[in-house]
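The basis for the numbers below is simple: all heavy atoms, side chains too, and nothing from hydrogens, waters or symmetry mates.
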Amino acid sequence: MTKKKIVLLDGNSLAYRAFFALPLLTNDQGIHTNAVYGFTMMLQNILEEEKPTHMLVAWDAGKTTFRHKTFEEYKGGRQKTPSELSEQFPYLRKMLKAYNIPQYELDQYEADDIIGTLSHQGDKEDYEVVVISGDKDLTQLTTDRTTVFITRRGITDTEKYTPDHVVEKYGIQPHQIIDMKGLMGDSSDNIPGVPGVGEKTALKLLKEYGSIEEIYASLDKITAKRLNENLTKYEETAYMSRDLATIVVDAPITISIDDLSYSGPNMDELINIYQELKFNTLLEKLGGTPIEEKQEDVEVTTVTEIDESLLSNEMALHIEMMDENYLRANIEGVSLTDDSRTLYLPFEVVQKSDTFQTWLKDDTKKKLCTDSKAARASLARHGIDVNGIDFDLLLGSYIVNPSTSSTDVASIAKQFGYTNVQQDETVYGKGARKALPESDVLAEHAGRKALAVWHLRTTIEEQLKENEQFDLYHELELPLALILGKMESTGVATDKEALAKIGTELSARITDLETLIYDIAGEKFNINSPKQLGVILFEKIGLTPIKKTKTGYSTAADVLEKLASEHEIISHILLYRQLAKLNSTYIEGLLKEIHEDGKIHTRFQQALTTTGRLSSINPNLQNIPVRLEEGRKIRAAFVPSEEGWSLFAADYSQIELRVLAHMSEDEKLIQAFKDNADIHRSTAADVFGVDVDEVTAEMRDAAKAVNFGIIYGISDYGLSQNLNITRKEAAQFIDTYLASFPGVKQYMDDIVQTAKEQGYVTTLLNRRRYLPEIKSSNFNLRSFAERTAMNTPIQGSAADIIKQAMIDMDARLEKEGLQARMLLQVHDELIFETPEEEIEILEKIVPEVMEAAIALNVPLKVESSHGKSWYDMK
DNA sequence: CGTCTCACG
DNA sequence: ACGTACGTGAGACGC
């Protein structure tokens, strides 16, 4: 006979856990689903891992319980359940019903008591019992047959309490946990306990005396004066607190454990609920399918010859490629529509059609597309020009809401209520099974995308106009796409041999370090594995772990630096890490990305970041090392593409702080920039109350960190981590800073308030970011949204400024008839390649254009440099 | 595929 | 009491 196993779940506690662990998800009806989703994930996990024969979810019943008769204020002072959570309870119950999992609640009793009673029964009747909750109180139920799982961070991760684990963790037996609670109380349940007694004292007392009774019997042996006084004074409270914390094991339940057998869900019902809640991943796991949006039929004609009569003055087009990297991908074909007819042109047809290519090039023929940069850059590789692009779905939807990270036409379209197009993944498959479909399927897919673009234009443009963002979209992002496309196609010449040579030297040093580290450790292990490294450092060598991660010991650099004086191995590991990173990411990684033309062609993602910045991928050229000399040498491999040319760079000095000065209108900050002061030094002088020339290097460093903190939406904890000082000292710094810059303080308060009122924040050019979580009752989510409200206008406005500068710069280069080309943007810096004879002109016009991009009430300052490689720029 | 670590602004 | 600095991308590991 198979052993009987019952799983008992604390419904309210787990729902709370799931709710707070996950961001607020909603289904298409606007109903919040995060608690149901989290609960379901947890349930799914438990079913798979524990394979129970019996199950129950216990719920708290109503407001009052028998405990309130003992102590009126029991669970007093609790925040009431957020409505976003309470609205989810009916769905939770429905979901559990579909699982065929019994649910039970009992008037005057809490879920704990139901669980306690049943686990007690199960224990006696030879069941294996598993109790699952987010509340550590339940660990008192632990026995040889009852294991208590307490959720850890996240939702599916649990800590498993067996009697051994309780002893190991607390040094007391499970039955003593109620004595511990009695002594220390529980603030979340408003159980008082004995004042001045926390977990540590409670455990110490119990280890020595065993129980509250024994403690009071030996009260005269407790010599600590305050403790003795408090114990004496609060004896009654201690006993009452223990009673409150004691879970009932004989509640008058009307069910019996044998009624709770579990034999699996009702699949149809479950699929229905998942569909209603839009739990698509869970649906697929069950073998169900998400509700297919009905796709209207479309007629897509594949053409082999283009006639002018097929082309009109305004059409949507889509360049179909299987690989998302349009700088390398094969073009399969081009779809075209003006809604009267939809065409698909296999790429061979495009290539040999002068008629079509002339149409593409004609500026007066307007084109609508998604990702105009990809369209232009991919065709440019085949010498085909596209002009007259007047709508870009990707950019438009990004400006409407930068937080929705979809790039696929189908997902974008769906956000705007258009469902007549399929996901790329549906058509091509994913992972190893990704492949080209039949040509008619491909033609239809590409045709549907063009149709989606055509139909969404009005919707999106109207919304942009309504939000006063049409200019940002049409005069900034759209022209910028063209410029970025040119930069990507131009690429950056890379000296392969130089990279390889640095790589050889690095490899040799890495091998030496490996040998040395193995030698010191006394064994071989994988230094790149944080897990293995943790075992060596904290178990074998016995260093003290400073920080933990979800999965074990943290071995991050800041942790290792604190341990450096403890053991010689640390410095070698830090160096190894540094060199290994350089070798794998920057030597091997970059070598793989050099195209046949000897250049690296990064792609700038223009519709990705939530703040309006660009990002750079395949490879990322915005994070090439610079801070440490070892890494900085990598930059020597980036060179001009032509003989007699140089690289030229220009960067904004302190652009984000200048934006802050402008937006906050803080007089002192504005004056400092008008005086062209060293801003960190002048901040230090203010914060430390000394003269500018009395500021020490340490004071300047601290002020610099505070300045960064202000930009990031400061918190005392964050600053304390950064400066390696106590939280209190950090808080003091911040107070002094804000007192010294009252305009900044006012701005920070105002922006958070504005975000709460209107639901979003904006930048100089009216870029928006929505912050729904700023109203969350979850402290973490809310705090994060508040910091974002402070940071996004600053970071985003700086992004606006450099984007405008790029557009102006491109026009200026053209106007001056210069050969110099823009190659890269690194957030506050532009990099060009240029014939040497143009350097002098660039030194004049680049700062001029960048400084004039957008007028602020402080001057913008740009510094430039040039050299024979990215390393040599001075 | 998620986690950790680390490179940049 | 909570558990954090803001914004990114990539490589290695280990399930």
Rounded to whole Å, CD1 of A:Ile624 lies from P of C:dA10 at a distance of 11 Å

Between CZ of A:Phe708 and P of C:dC6 the distance, given in whole Å, is 15 Å

Give a yes/no verdict on base stacking between C:dT4 and A:Tyr717: centres under 5.5 Å, planes within less than 30° of parallel.
yes

When all nucleic acid strands are considered with a 4.0 Å heavy-atom cut-off, which category describes A:Thr792: base, sugar-phosphate, or nothing?
nothing

- Query: With respect to the phosphate group of C:dT8, does any side-chain polar atom (N or O) of A:Asn620 fall under 4.0 Å of OP1 or OP2?
  - Reply: no

message: Any base atoms under 4.0 Å from A:Ile617, or only sugar-phosphate, or nothing? Heavy atoms, all strands.
response: sugar-phosphate

| message | Using the P atom as the point on both nucleotides, what is the distance between B:dT5 and C:dA5, in whole Å? | response | 13 Å

### Message
Using a 4.0 Å heavy-atom cut-off, does A:Ala799 contact any base of the nucleic acid, only the sugar-phosphate backbone, or nothing at all?
### Response
nothing

query: When the P atoms of C:dT4 and B:dC4 are considered, how many whole Å apart are they?
result: 11 Å

### Query
Within the structure shown, what part of the strands sits under 4.0 Å from A:Gly713 by heavy-atom distance: base, sugar-phosphate, or nothing?
nothing

note: A:Tyr16, atom OH; C:dC2, atom P; distance rounded to Å ~ 17 Å

Run the salt-bridge test on A:Lys547 and A:Asp558 with the 4.0 Å N-O cut-off and return the result as yes or no. yes

A:Asn791 atom CG is separated from C:dA5 atom P, nearest whole Å, by 13 Å

**Asked** Base, sugar-phosphate alone, or nothing: which one does A:Arg627 contact when heavy atoms must sit under 4.0 Å apart?
**Response** base

Just to be sure I understand the rule, does A:Ser584 reach a base, reach only the sugar-phosphate, or reach nothing, if contact means heavy atoms closer than 4.0 Å?
sugar-phosphate

Checklist entry - With a 4.0 Å cut-off on heavy atoms, is A:Gln721 in touch with a base, just the backbone sugar-phosphate, or nothing at all? => result nothing

5'-most to 3'-most nt of DNA chain B touching chain A (<4.0 Å, heavy-atom partner on protein side) reads B:dT3 to B:dG9

When both distances are under 3.5 Å in a Watson-Crick or G-U wobble arrangement, the nucleotide paired with C:dA1 is none

Would you please indicate yes or no on a ring centroid separation below 6.0 angstrom for A:Phe733 and A:Tyr737? no

- Task: Indicate yes or no: does A:Glu514 engage A:Arg577 in a salt bridge with an N to O separation below 4.0 Å.
- Result: no

With a cut-off of less than 4.0 Å, is there a side-chain N or O of A:Ser615 near OP1 or OP2 of C:dG9? yes

Practice item. Check every strand shown and say whether A:Ala789 touches a base, only sugar-phosphate, or nothing at a heavy-atom separation below 4.0 Å. Key: nothing

| query | So what does A:Gln532 hit on the nucleic acid, given a heavy-atom distance under 4.0 Å: a base, only sugar-phosphate, or nothing? | reply | sugar-phosphate

A:Asp828 CG to C:dT8 P, in whole Å, measures 16 Å

Q: Examine A:Arg787 relative to A:Tyr712 and say whether NZ or CZ is less than 6.0 Å from the centre of the six-membered ring and inside a 45° cone about the ring axis.
A: no

In whole angstroms, the gap separating C1' of C:dC6 from CG of A:Leu657 amounts to 13 Å

Atom OH of A:Tyr712 and atom P of C:dT8 are separated, to the nearest Å, by 13 Å

Checklist entry - Are the charged groups of A:Lys592 and A:Glu588 less than 4.0 angstrom apart, N to O? => result no

Any A:Arg613 side-chain N or O less than 4.0 Å from OP1/OP2 of C:dG7 = no

Those residues at least two apart in sequence (or on a different chain) that pass side-chain hydrogen bond (donor to acceptor under 3.5 Å, both in side chains) with A:Arg328 are A:His595

Closest to the side chain of A:Asn780, out of C:dG11, C:dG3, C:dG7, is C:dG3

When rounded to whole Å, the CG to C1' distance for the pair A:Asn724 and C:dA5 reads 14 Å

- In terms of the angle between their ring planes, are A:Trp870 and A:Phe638 parallel, tilted or perpendicular, with boundaries placed at 30° and 60°? perpendicular

Are A:Lys531 and C:dC15 close enough that a side-chain N or O sits under 4.0 Å from OP1 or OP2?
yes

Check: Does a distance-only test, which skips hydrogens and angles, find a donor-acceptor pair under 3.5 Å between the side chain of A:Arg727 and the base of C:dT4?
Finding: yes

### Query
Can A:Arg727 be said to sit on top of A:Tyr717's aromatic six-ring, NZ or CZ under 6.0 Å from centre and within 45° of the ring axis?
no

* **Ion pair A:Lys434/A:Glu425, N-O distance below 4.0 Å** => no

Distance check: side-chain N/O of A:Ser529 vs OP1/OP2 of C:dG14, anything under 4.0 Å?
yes

| task | Have a look at A:Leu608 and say if it touches a base, only the backbone sugar-phosphate, or nothing, with a 4.0 Å heavy-atom cut-off. | result | sugar-phosphate

